[in-house]
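A short worksheet on the structure shown next.
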Amino acid sequence: MIEEGVIRVATPEEMRELGRLLGEELRPGDTICLRGDLGAGKTTLTQGIAAGMGTSGTVASPTFTLVHEHPGKVPLFHMDAYRLDSAEELWDLGFDDYLRAGGVVVIEWGERVSEALPDDRLTLALAHAGDARLVSILAHGERARELESILRAKWGAREVA
Ligand code: ADP
Ligand code: MG
């Protein structure tokens with residue numbers, strides 16, 4: 001196995017930049033799963049994704065509302081599974097409808113409900129490293145692998161620039 005490079009993100013602004021580079025590439029049906037402890041930067045990354053997608057509305061944590069809808073050319077459904085205990089609870093809340101709505105789903109704490117997630121999904125696992133954050137990319141499926149390679153290329157080009 002080739003060891004995949006972990007991305008080091010030094011500041012919240014850089015986390016938003018990483019999200020923006022990804023958000024620019026997203027299209028209807030893409031699912032992004034965000035892992036990481038409280039404060040790891042999942043919502044901050046999602047702010048960047050929304051900026052890259054050009055959606056409207058302020059991105060804030062949907063912990064208590066489960067889902068925030070951000071209209072756009074392609075809508076963003078920003079979800080948070082922190083308070084969910086099973087994949088079934090996600091289905092009960094109409095997750096199916098969001099998946100079929102022609103938008104992008106970004107779900108924080110997605111690993112809590114992984115059985116409910118589409119097989120093809122890009123997981124970004126965020127970890128604290130002092131003030132910095134380490135972002136590991138886990139791609140499940142062909143589209144996710146495509147997104148991973150695009151994101152790595154764009155991030156690499158940015159560091160060289
Ligand atoms: P989560 O959604 O994972 O709970 P948030 O994005 O809401 O995390 O919060 C992350 C917090 O950590 C924010 O207050 C942000 O400003 C701060 N922070 C500090 N350094 C970083 C960094 N390198 N990347 C992302 N967030 C950072
Ligand atoms: Mg959050």
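Counting from 1, the numbers follow the sequence of the chain as shown. Because the structure is a prediction, the values reported are computed rather than measured. All values below come from the heavy atoms of this structure, side chains included, with hydrogens, waters and symmetry mates left out. In listed order, ligands and their atoms are each counted from 1.
Contacts with ligand 1 closer than 4.0 Å are made by backbone heavy atoms (N, CA, C, O) of Ala10 only, the side chain lying farther away. When heavy-atom distances to ligand 1 are checked against a 4.0 Å cut-off, Leu34 has no atom that comes that close, whether in backbone or side chain.
A donor-acceptor pair is defined here as one N or O able to donate and one able to accept, closer than 3.5 Å; no such pair exists between the side chain of Arg8 and the backbone of Val6. Judged purely by atom type and a 3.5 angstrom limit, His68 uses its side chain to pair as donor or acceptor with the backbone of Ala60.
Close approach of ligand 1 to Leu38 is summarised as follows: ligand atoms under 4.0 Å from at least one heavy atom of the residue are 4 (O). Counting the atoms of ligand 1 from 1 in the order shown, those under 4.0 Å from a heavy atom of Glu108 are 2 (O).
Through chains of ILVMFWY side-chain contacts below 4.5 Å, Tyr82 is grouped with Leu38, Trp109.
Under the 6.0 Å distance and 45° angle rule, Arg152 does not count as a cation-pi partner of Trp155.
When only interatomic distances are considered, the shortest N/O to N/O separation between Met15 and ligand 1 does not fall below 3.5 Å. In terms of N/O distances under 3.5 Å, ligand 1 is approached by Ala40. For the pair Gly36 and ligand 1, the shortest N or O to N or O distance does not fall below 3.5 Å.
At a cut-off of 2.8 Å, Ser61 does not coordinate the Mg ion (ligand 2) through any N, O or S atom. The Mg ion (ligand 2) does not have Asp80 among its coordinating residues (no N/O/S atom, backbone or side chain, under 2.8 Å).
Across all their heavy atoms, Leu126 and Ala40 have their closest contact at CD2-O, 3.6 Å.
A salt bridge does not link Arg83 with Asp80: none of the charged nitrogens is closer than 4.0 Å to a carboxylate oxygen. Look at Glu17 and Arg20 and you find a salt bridge, because one of the NZ, NE, NH1 or NH2 atoms lies within 4.0 Å of a carboxylate O, short of that distance. Between Glu142 and Arg145 there is no salt bridge, since none of the side-chain N atoms of the basic residue sits less than 4.0 Å from a carboxylate O of the acidic one.
In terms of protein heavy-atom proximity, atom 7 (O) of ligand 1 is nearest to Thr43 CB, 3.6 Å. With hydrogens left out, the protein atom closest to atom 12 (O) of ligand 1 is Arg133 NH2, 3.1 Å, a heavy atom. For atom 20 (N) of ligand 1, the closest non-hydrogen atom on the protein side is Asp131 O, 3.1 Å. Nearest protein heavy-atom neighbour of atom 16 (O) of ligand 1: Pro12 CG, 3.4 Å. With hydrogens left out, the protein atom closest to atom 8 (O) of ligand 1 is Gly41 N, 3.1 Å, a heavy atom. Scanning all protein heavy atoms for the shortest distance to atom 3 (O) of ligand 1 gives Lys42 NZ, 2.7 Å. At the top of the distance list for atom 6 (O) of ligand 1, counting protein heavy atoms only, stands Thr44 OG1, 2.6 Å. At the shortest separation from atom 10 (C) of ligand 1 among protein heavy atoms lies Gly39 O, 3.3 Å.
Looking only at side-chain heavy atoms (C-beta outward), Lys42 and Leu124 stay at 4.5 Å or farther from each other.
The nearest N/O/S atom of Glu108 to the Mg ion (ligand 2) is OE1.
Under the 3.5 Å distance criterion, with hydrogens and angles disregarded, no donor-acceptor pair is assigned to the side chains of His78 and Glu69.
Contact analysis puts Asp37 in contact with ligand 1, with a non-hydrogen atom separation below 4.0 angstrom.
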Would you please test Glu24 and Lys154 for salt bridge (charged side-chain N to carboxylate O under 4.0 Å, His left out) and show each step? CA-CA 11 Å; Glu24 288 172 349; Lys154 289 172 84 178; 2.7 Å; yes
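Sequence neighbours left out, not one pair with a member in residues 115-125 passes side chain to side chain donor-acceptor pair (under 3.5 Å).
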